[in-house]
Amino acid sequence: RDYKVTGVQTCALPIYVEARVRTRVVSLLTGLFGAEADPVLTAIPTRVVVLTPDRFEEVVASVPLRTAWDLANLLLDDLGAPPLADDTPELDGLCEAGRAWLLPREVLAEPGYPDVVVHEVAHLTHHLRGVDVGLPGKGPLLRIPARRRETFAYACELWSAVQVTGDTALLEAAPDDARVDRAVLVDLLRTAAAAPERAWVNLRRWAERR
């Protein structure tokens with residue numbers, strides 16, 4: 001069903017969320033994790049939570065207050081309602097508390113760019129530990145320094161979109177996000193296009209480089 005708040009309509013909760021997410025991120029996760037991809041691809045879609053008005057109380061009951069605040073603002077923006085504070089950052093999705101939090105419209109959207117599903121799942125790869133997805137080790141799946149994380153997520157999002165759409169103009173994309181190293185992002189995408197068979201391996205190698 002649809003939800004209406006003060007005349008603003010938002011998408012209904014998608015059916016088969018996990019299957020939809022798995023289809024969207026199969027290239028990303030198999031490319032990044034190779035022989036270890038199966039347990040990751042099984043576990044990560046279960047970590048994606050779709051945020052809707054009637055589920056809000058349920059899904060925020062066990063998260064930190066800061067996360068609940070951000071999720072409230074994410075939902076309010078989707079409903080066309082004002083944020084809880086004037087300095088609230090604009091969010092399309094959120095990766096916190098071991099979950100990727102998404103709006104229904106992002107899961108329902110056609111693959112391409114932007115792709116909030118791929119972006120937030122890319123962030124999950126450094127939030128989650130091996131033990132969280134059935135792999136050995138208590139460390140994070142990918143050990144990505146904080147300064148590289150947003151550039152990494154955009155690189156994953158854009159390269160996935162290039163694979164799906166064939167739109168090579170995306171190789172020169174420059175997201176309007178101050179956290180992104182735009183020159184590095186373009187270089188990563190050009191490198192991916194030059195050797196597509198090793199694109200995900202090279203991206204992971206860059207992301208975890210010390």
**Prompt:** Between Glu172 and Arg190, is there a side-chain N and carboxylate O pair less than 4.0 Å apart?
**Reply:** yes
**Request:** Please check if the side chain of Arg204 supplies one atom and the backbone of Gly31 the other of a donor-acceptor pair under 3.5 Å.
**Result:** no
**Message:** Let me check something: do Leu158 and Val164 share a hydrophobic cluster, defined by ILVMFWY side-chain heavy atoms less than 4.5 Å apart, either directly or through other members?
**Reply:** no
**Request:** Spell out, as yes or no, whether a donor-acceptor pair under 3.5 Å connects the side chain of Asn73 to the backbone of Leu84.
**Result:** yes
**Item:** Rounded distance [0.5 Å steps], CG in Leu75 versus CG in Leu103
**Value:** 7.0 Å
**Message:** I'd like to know whether Asp167 forms a side-chain contact (heavy atoms from CB on, under 4.5 Å) with Val162, so could you lay out the CA-CA distance, the side-chain angles of the two residues, the decisive distance to 0.1 Å, and finally the verdict.
**Reply:** CA-CA 5 Å; Asp167 184 1; Val162 170; 5.9 Å; no
**Request:** For Trp69 and Leu65, run side-chain contact (heavy atoms from CB on, under 4.5 Å): C-alpha distance rounded to whole Å, both residues' side-chain angles, the deciding distance at 0.1 Å, then the answer.
**Result:** CA-CA 6 Å; Trp69 177 276; Leu65 181 59; 5.6 Å; no
**Item:** Euclidean distance, Leu108 CG relative to Leu102 CG, rounded to 0.5 Å
**Value:** 11.0 Å
**Request:** For the pair Asp115 (side chain) and Pro111 (backbone), establish whether a donor and an acceptor sit closer than 3.5 Å, ignoring hydrogens and angles.
**Result:** no
**Request:** Measure from the side-chain N and O atoms of Thr46 to the backbone N and O of Ala43, and report whether any donor-acceptor pair falls under 3.5 Å.
**Result:** yes
**Request:** Without swapping roles, check the side chain of Glu120 against the backbone of Ala100 for a donor-acceptor pair under 3.5 Å.
**Result:** no
**Request:** May I ask whether Val184 and Ile144 are part of the same hydrophobic cluster, defined by side-chain heavy atoms of I, L, V, M, F, W, Y residues being less than 4.5 angstrom apart, directly or through others?
**Result:** yes
**Message:** Using side-chain heavy atoms (C-beta onward) and a distance below 4.5 Å, is Leu51 in contact with Leu74?
**Reply:** yes
**Check: Val49 and Arg55 side chains under 4.5 Å, non-hydrogen atoms** = yes
**Request:** Would you check if Glu208 and Arg148 make a side-chain contact, meaning some heavy-atom pair closer than 4.5 Å?
**Result:** no
**Message:** Quick one, Leu188 and Thr151 - any side-chain contact, counting heavy atoms below 4.5 Å?
**Reply:** yes
**Request:** In sequence, state the C-alpha distance, the side-chain angles, and the governing distance for Leu170 and Leu189, and then conclude on side-chain contact (heavy atoms from CB on, under 4.5 Å).
**Result:** CA-CA 9 Å; Leu170 294 173; Leu189 293 171; over 6 Å; no
**Asked** Which value, rounded to the nearest 0.5 Å, describes the distance between Glu157 atom CD and Leu185 atom CG?
**Response** 10.0 Å
**Prompt:** Could Asp132 and Lys138 be called an ion pair, given the rule that one side-chain N must be under 4.0 Å from one carboxylate O?
**Reply:** no
**Side-chain heavy-atom pair Leu76, Pro82 within 4.5 angstrom cut-off** = no
**Complete:** Sorted by chain and number, sequence neighbours left out, side-chain hydrogen bond (donor to acceptor under 3.5 Å, both in side chains) with Arg22 holds for none
**Request:** Taking the side chain as every heavy atom from C-beta outward, state whether Leu128 and Pro140 have any atom pair closer than 4.5 Å.
**Result:** no
**Asked** Which pairs pass salt bridge (Lys or Arg N to Asp or Glu O under 4.0 Å) with one or both residues in residues 34-49, sequence neighbours excluded?
**Response** none
**Fill in**
So CZ of Arg205 and OG1 of Thr191: to nearest 0.5 Å the spacing works out to 12.0 Å
**Message:** What I want to check is whether the side chains of His119 and Glu150 have a donor and an acceptor closer together than 3.5 Å.
**Reply:** yes
**Message:** Just verifying a value: how many Å separate Leu71 CG and Arg99 CZ, rounded to the nearest 0.5 Å?
**Reply:** 12.0 Å
**Message:** Test side-chain contact (heavy atoms from CB on, under 4.5 Å) on Thr165 and Tyr113; report intermediate values, then the result.
**Reply:** CA-CA 9 Å; Thr165 67; Tyr113 180 78; over 6 Å; no
**Item:** Residues Asp176, Arg182; criterion salt bridge (charged side-chain N to carboxylate O under 4.0 Å, His left out); working and verdict
**Value:** CA-CA 9 Å; Asp176 185 19; Arg182 297 184 182 187; 3.5 Å; yes
**Asked** So with a 6.0 Å cut-off around CD of Glu110, is the heavy-atom count from everything else above 12?
**Response** no
**Message:** With heavy-atom distances below 4.5 Å as the criterion, would you say the side chains of Val121 and Val48 are in contact?
**Reply:** yes
**Message:** Could you tell me if the side chain of Phe152 sits less than 4.5 Å from the side chain of Trp206, heavy atoms only?
**Reply:** yes
**Message:** Could you measure the distance from the OG atom of Ser27 to the CH2 atom of Trp159? Nearest 0.5 Å is fine.
**Reply:** 9.0 Å
**Request:** Identify which one of Leu32, Leu28, Val26 satisfies the side-chain contact (heavy atoms from CB on, under 4.5 Å) criterion when paired with Thr30.
**Result:** Val26
**Request:** Find out if a path of hydrophobic residues (ILVMFWY) with successive side-chain heavy-atom gaps under 4.5 Å connects Val186 to Tyr154.
**Result:** no
**Item:** Joint hydrophobic cluster, Leu124 plus Val131, side-chain heavy atoms closer than 4.5 Å
**Value:** no
